[in-house]
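Read the structure below first, then the notes.
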Amino acid sequence: MTDPNPQAPASDFIRDRIRADLEAGRVQQVVTRFPPEPNGYLHIGHAKAITLSFSVAKEFGGRCNLRLDDTNPAAEDQEYVDAIKADVRWLGFEWDAIYYAADYFEQIYAWAEVLVQKGLAYVDDQTAEQIAATRGTLTQPGTPSPCRDRPSPANLDLLRRMKAGEFADGEKVLRAKIDMAHPNLNMRDPVMYRIRHLHHQRTGDAWCIYPMYDWAHGQCDSIEGITHSLCTLEFEHHRPLYDWFCDNIGIYRPQQIEFARLNVEYMLTSKRKLLLLVEGGHVDGWDDPRLPTLRGLRRRGVPPQALVAFCKHVGVAKFNSTHEIGLFEYFVRDWLNKHAARRMAVLDPIQLVIDNWPRGADGQPIVEMVEAQNNPEDPTAGARQVPFSGELLIERDDFMEAPPKDFFRLAPGREVRLRYGYFVTCTGVDKDAAGNLVAVRCSYDPATKGGNAPDGRKVKATIHWVSKVHAIDAEVHLLEHLFTAADPAGADGGDFLKLLNPNSRRVVRGKLEPSLGAATAGDRFQFERLGYFCRDAADGQGAPRFLRTVSLKDSWQKAQQKGGAPKGTGPTGKPAGKKG
RNA sequence: UACCCCGUGGUGUAAUCGGUAGCACAGCAGGUUUUGGUCCUGUUGGUUCCUGGUUCGAGUCCAGGCGGGGUAACCA
């Protein structure tokens, strides 16, 4: 929906192939699946895989399953199963069926006996170390196990005893008998079953032998009638094995098609590295808003629609590419611009006093309500009332005592518009003994209520504000990239922990317009002229917390930086441009 | 130094049966604007990795190079 070219039918090598299969009658109905292992949380890379498999099925009138690939109880947990389901749904996808690899354990085992009986699998007594040592290397063939020619009946007996729990962990494995000299190492008698006396979150203690990925995945796909088994490039070398198992068991063989995984600048999408960040305490947890986990992105306020639009836009190919972070941000802003309600917030306040503003009998400035549109992009979003008075807070950045010629915000003698309020002209400044700016003094034009001058005169700038006495406090997190390098995994010898951005989260005390006090967790807003912010579920010290999802484009700051202005960012500033 | 995959403007990604390169983002320049946002318009970038070959014609086919990525868990 936010894809700039939604009409254009998606075209890529996978869809081309599916189309061809359909036209040739090789496939009646497309069936795909998303098969995560429940041993961690989903991240933006998974979002691409999910979007692909679910979209492809939908486009061709097919089905898509969610399958939990739970063949290794040592690493998996029910908590992850629940999280995965929630995250897929958050993205907006619904599976036609949900399956678990563990539910196929009985069938998979039966097929193992078939292979043993056909003389295509054998029980190996060697240790893991011995098996690794005899596998050979990338350039040298492996050497056969002494058990390789064990007769089929003996193998069958041993396999049954393995299953019955007669052996200890690691004592024996079942191996496929293929080719120890095969150039593809995966074909050098791969392990099919290993012994693990472990409790499985789904099958309990029913099993003590668990199938390896290769000895399960293809059969799971086959059982479910998957037509196109889409996976990432690193599984390319596994395809011959995938095919070999299906063919030698004699079952339907789905076609595995590999595509390049998603890479985005400044983001890490490796379970292992993400785990290091979380367990090392470098981030607050799996839902830290600076993480590219789906939970982190959600907490940060990234709309799932934007994420999906991004995933669709990047397309699918076999080329290992890295997308600019700017493209991701474009889709986030694009959706938020149309859907997020506008509010005013001042993150680095300086006082603005209107000297000619009327005062009441008590001597205090009177309060007037002004009407503000909730979203100029969406007339149906309505309007709200915002309290305006003679003592306001404005952004420190919006005033300069000695402005350069291209600065057209507030400055001595200058007139600007206070958004939805009045035109004000700066008449002077107040400073403390040390010479620090304390307040900007202005006079206002009563005829410009709402922000329009009856005489038609123009101002060059509109600035946002909040009423000093009405503003509510907030803890605002200005989030930037977690890393200082676009490719944290590849730069600096791969030690990405050295590349953590010390400014990835700057916490400031902001002043918000009163209506924001009613915001609840997950609510997204555009703080006018600043960026998009999301109300966090957790709160700061007694004040609501808002996280910056992404800043607004800022051509003023960009021009400043280009003009050789001091680098870095001010308290309300946006992230500095890309390094090198 | 084995095997597999890949190589189109800054970044990605398109281009029906081979007919002379499109789109998005980014960049630049204008316009509009009660957000220096949005929106609109225009525009700069590509010897389609190289070299040969087939062909009237190749980004698309062939051969050979070069470059990049992947692969040696009883992980997935």
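None of these values were measured; they are calculated from a predicted model. Here is the naming used below: chain letters follow the sequence lines, and residue numbers restart at 1 for every chain.
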Within-4.5 Å side-chain heavy-atom neighbours: A/Gln255 and A/Asp21: yes

B/rA29: pairing nucleotide in any strand, Watson-Crick or G-U under 3.5 angstrom: B/rU41

Sugar-phosphate only, base, or nothing, as touched by A/Arg188 at under 4.0 Å among non-hydrogen atoms: nothing

Interatomic distance, A/Leu241 CG vs B/rA73 P [rounded to whole Å]: 14 Å

Summary of protein contacts for nucleotides 65-72 of chain B, nucleotide by nucleotide, where a base hit scores B, a sugar-phosphate-only hit scores S (4.0 Å, heavy atoms): ----SBBB

Aromatic ring proximity, centroids under 6.0 angstrom, A/Tyr80 and A/Tyr41: yes

Mutual orientation of the aromatic rings belonging to A/Tyr210 and A/Phe105 [parallel < 30°, tilted 30-60°, perpendicular > 60°]: perpendicular

Nearest-nucleotide 5' precedence on RNA chain B, A/Phe13 against A/Arg409: A/Phe13

Separation of B/rC75 C1' from A/Trp215 CH2 (nearest whole Å): 18 Å

Test item: A/Arg261 side-chain N/O and A/Thr232 main-chain N/O as donor-acceptor pair under 3.5 Å: no

Side-chain N,O (A/Ser555) to OP1/OP2 (B/rG37) below 4.0 Å: yes

Rounded P spacing from B/rG53 to B/rG70 in Å: 35 Å

Opposite nucleotide pairing with B/rG52, Watson-Crick or G-U, both atom distances under 3.5 Å: B/rC62

B/rA73: syn or anti, per glycosidic angle within 90° of 0: syn

Interatomic distance where CG belongs to A/Leu52 and C1' belongs to B/rU13 [whole Å]: 14 Å

Presence of A/Lys558 side-chain N/O under 4.0 Å of B/rG27 phosphate oxygens OP1/OP2: yes

Touch class at under 4.0 angstrom, heavy-atom based, for A/Gln373 against every strand present: nothing

For atom CZ of A/Arg333 and atom P of B/rU35, their distance in whole Å: 18 Å

C1' spacing across the pair B/rA29 / B/rC66, given as an integer number of angstrom: 40 Å

Pairing partner of B/rA2 (Watson-Crick or G-U wobble, both distances under 3.5 Å): B/rU71

Sugar-phosphate, base or nothing in reach of A/Gly170, heavy atoms under 4.0 Å: base

Sugar-phosphate only, base, or nothing, as touched by A/Asp406 at under 4.0 Å among non-hydrogen atoms: base

Sugar-phosphate only, base, or nothing, as touched by A/Thr127 at under 4.0 Å among non-hydrogen atoms: base

Separation between the C1' atoms of B/rG9 and B/rG27, rounded to whole Å: 12 Å

Given RNA chain B, 5'-ward residue of the pair A/Asn452 and A/Pro36, judged by closest heavy atom: A/Asn452

Whether A/Tyr422 and A/Phe388 hold their rings parallel, tilted or perpendicular, with breakpoints at 30° and 60°: tilted

N/O (side chain, A/Tyr330) to phosphate O (OP1/OP2, B/rC25) under 4.0 Å: yes

Whole angstrom value for the distance that separates C1' of B/rG37 from CZ of A/Phe533: 13 Å

Any A/Arg67 side-chain heavy atom under 4.5 Å of A/Cys220 side chain: yes

Touch class at under 4.0 angstrom, heavy-atom based, for A/Pro211 against every strand present: sugar-phosphate

Touch class at under 4.0 angstrom, heavy-atom based, for A/Gln126 against every strand present: base

Sugar-phosphate, base or nothing in reach of A/Leu418, heavy atoms under 4.0 Å: nothing

Watson-Crick or G-U counterpart of B/rA24, or none if no pair lies under 3.5 Å: B/rU11

Interatomic distance at P, B/rG22 relative to B/rU48, whole Å: 13 Å

Residue of the set A/Arg529, A/His464, A/Arg409 for which side-chain hydrogen bond (donor to acceptor under 3.5 Å, both in side chains) holds with A/Glu395: A/His464

Ring-base stacking, A/Tyr213 with B/rA76 (5.5 Å, 30° cut-offs): no

Centroid separation A/Tyr266 to A/Phe328 less than 6.0 Å: no

Spacing of the C1' atoms in B/rA14 and B/rC28 (rounded, Å): 25 Å

Separation of atom CD in A/Glu324 from atom C1' in B/rG27, rounded to whole Å: 10 Å

A/Tyr193 and A/Trp215 aromatic ring geometry - parallel, tilted or perpendicular at 30°/60° bounds: perpendicular

A/Asp487 CG - B/rG12 P separation (whole Å): 11 Å

Distance between P atoms of B/rA24 and B/rG19 (Å, rounded): 23 Å

Sugar-phosphate only, base, or nothing, as touched by A/Val459 at under 4.0 Å among non-hydrogen atoms: nothing

Touch class at under 4.0 angstrom, heavy-atom based, for A/Val173 against every strand present: base

pair A/Leu478-A/Leu347: side-chain heavy atoms closer than 4.5 Å: yes

Integer-rounded Å distance: B/rA24 C1' and A/Lys312 NZ: 16 Å

B/rU33 phosphate, OP1 or OP2, under 4.0 Å from A/Thr462 side-chain N/O: no

Separation of the P atoms in B/rG69 and B/rC62, to the nearest angstrom: 25 Å

Touch class at under 4.0 angstrom, heavy-atom based, for A/Glu37 against every strand present: sugar-phosphate

Sub-4.5 Å side-chain heavy-atom contact between A/Phe483 and A/Leu268: yes

Sugar-phosphate only, base, or nothing, as touched by A/Pro240 at under 4.0 Å among non-hydrogen atoms: nothing

Heavy-atom protein contacts under 4.0 Å, nucleotides 40-46 of chain B, coded B base, S sugar-phosphate only, - none: -------

Whole-Å P distance, B/rU38 and B/rU71: 41 Å

Sugar-phosphate only, base, or nothing, as touched by A/Ala128 at under 4.0 Å among non-hydrogen atoms: base

N/O (side chain, A/Ser11) to phosphate O (OP1/OP2, B/rA15) under 4.0 Å: yes

Whether A/His217 and A/Tyr242 hold their rings parallel, tilted or perpendicular, with breakpoints at 30° and 60°: tilted

For RNA chain B, the residues among residues 191-201 of chain A that have a non-hydrogen atom under 4.0 Å from it: A/Val191, A/Arg194, A/Arg196

B/rU38 phosphate, OP1 or OP2, under 4.0 Å from A/Lys553 side-chain N/O: yes

Touch class at under 4.0 angstrom, heavy-atom based, for A/Phe407 against every strand present: base

